[in-house]
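First comes the structure, then the notes that go with it.
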Amino acid sequence: QLRLRSVLALVTGAGSGIGRAVSVRLAREGATVAACDLDRPAACETVWLLGGQGSEEVAPGVTHAAFQADVSEAGSVRRLLEQVQACFSRPPSVVVSCAGITRDEVLLRMSEDDWDKVIAVNLKGIFLVTQAAAQALVSSGCHGSIINISSIVGKVGNMGQTNYAASKAGVIGLTQTAARELGRHGIRCNSVLPGFITTPMTQKVPQKVLDKVIGIIPMGHMGDPEDVADVVAFLASEDSGYITGASVEVTGGLFM
Ligand code: NAD
């Protein structure tokens, strides 16, 4: 059953890992996907995987399209929403913010630059995308579902990630507040908190650290990007029509 037929979905960080799996899953459920990434070729590759055009120059009748944007820059996010609306003649009603970065260092040695960069992409980026998407939906009177990818680290912390944990905790509060403000406009806002998922982001983590984490995951293994995409598809669909302000953990039971 195609739960997302006639839905236009904007996915940031769509060029890799969770964002790519989300794009594939939403398209499989019938959505038209606007795949955005800082890395243009990566976004185009995702669109190619979806069977779309792989370019911003979209021919009539084409379904999916790739867009380049830096979510940490207000002007870039504004242009992104304008381009998506110009391309598809409507605002996206499903918006999934997957763009994110890590710059790990223990608190005692963390540089101001590493702090600022992570907060700019992971927290300010989600503020900018959520705000721009909500403004477009409210001004056109459309309902929508906004899904922000946080992390279990935003709830429980993680060694070497004060910047990342703060950004992800911020995403939970931002999303809950947006849910309170936007519910009356028919816009639902939820965050998803993945645990340890096999993507290029976690490929940077030393194997002995991963082995330790796997040892305390009740399910006994790391998650796949598709495990997160399954939950995002549910939150995007009307199957979750009365769920807003939720923080859904996808962790294999890590940190109950
Ligand atoms: P990834 O590194 O595979 O993908 C992240 C994507 O975001 C990349 O394609 C990158 O180019 C893009 N990106 C980075 N900065 C950007 C910017 N300024 N503007 C636009 N795009 C930008 O990482 P992933 O593991 O797929 O992570 C996706 C999201 O899930 C992130 O928010 C991450 O924090 C979160 N998360 C991941 C895990 C995990 O275990 N992998 C766990 C919890 C949360």
Side-chain angles (χ1 to χ4, degrees), residues 10-25 34-47 49 66-81 83-84 95-104 116-130 132 147-158 161 163-172 174-175 191-205 209-210 213-214 217 219 221-229 231-232 247-252 254-255:
L10 170 63
V11 181
T12 75
S16 176
I18 292 171
R20 176 167 287 173
V22 165
S23 302
V24 169
R25 178 59 194 265
C36 157
D37 205 284
L38 183 63
D39 181 343
R40 183 191 299 274
C44 290
E45 201 179 310
T46 295
V47 168
L49 283 173
F67 298 86
Q68 195 275 339
D70 180 347
V71 297
S72 67
E73 295 284 336
S76 184
V77 172
R78 207 171 32 245
R79 273 192 303 282
L80 169 67
L81 266 292
Q83 285 171 351
V84 171
V95 177
V96 191
S97 280
C98 301
I101 58 167
T102 53
R103 294 280 187 279
D104 295 353
D116 286 346
K117 192 79 190 125
V118 167
I119 297 292
V121 177
N122 296 8
L123 183 55
K124 184 181 169 191
I126 284 195
F127 159 68
L128 291 171
V129 172
T130 302
I147 299 147
N148 292 330
I149 306 299
S150 170
S151 166
I152 192 65
V153 167
K155 252 180 104 172
V156 302
N158 194 27
Q161 293 198 311
N163 51 359
Y164 186 80
S167 72
K168 295 300 186 179
V171 168
I172 297 170
L174 181 159
T175 306
S191 47
V192 175
L193 283 57
F196 280 78
I197 311 296
T198 308
T199 71
M201 184 179 273
T202 45
Q203 269 158 24
K204 292 184 281 183
V205 180
V209 175
L210 290 180
V213 173
I214 291 165
I217 298 174
M219 296 293 291
H221 59 86
M222 287 177 64
D224 293 321
E226 291 73 22
D227 292 321
V228 181
V231 174
V232 169
S247 317
V248 184
E249 296 177 18
V250 187
T251 64
L254 184 69
F255 303 121

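Counting starts at 1 for both ligands and their atoms, following the listed order. Throughout, numbering of the chain's residues begins at 1 and tracks the sequence. Basis for what follows: all heavy atoms, side chains included, without hydrogens, waters or symmetry-related copies.
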Look at the side chain of [X] and the backbone N and O of [Y], then say whether any donor-acceptor pair between them is shorter than 3.5 Å.
{"X": "Thr12", "Y": "Ala99", "result": "yes"}
{"X": "Thr46", "Y": "Ala14", "result": "yes"}
{"X": "Arg20", "Y": "Pro225", "result": "no"}
{"X": "Asn163", "Y": "Asp116", "result": "no"}

>> Using the side chain to side chain contact (heavy atoms under 4.5 Å, CB included) definition, which of the options Leu210, Thr102, Asp104, Val213 pairs with Val205?
In response: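 That would be Leu210; it is the only one of Leu210, Thr102, Asp104, Val213 passing the side chain to side chain contact (heavy atoms under 4.5 Å, CB included) with Val205.
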> For ligand 1, what is the set of protein residues having any non-hydrogen atom at a distance below 4.0 Å?
Replying inline: Gly13, Gly15, Ser16, Gly17, Ile18, Asp37, Leu38, Ala69, Asp70, Val71, Cys98, Ala99, Gly100, Ile101, Val121, Ile149, Ser150, Ser151, Tyr164, Lys168, Pro194, Gly195, Phe196, Ile197, Thr199, Pro200, Met201, Thr202
>> Any non-hydrogen side-chain atom of Gln68 less than 4.5 Å from a side-chain atom of Leu38?
In response: yes
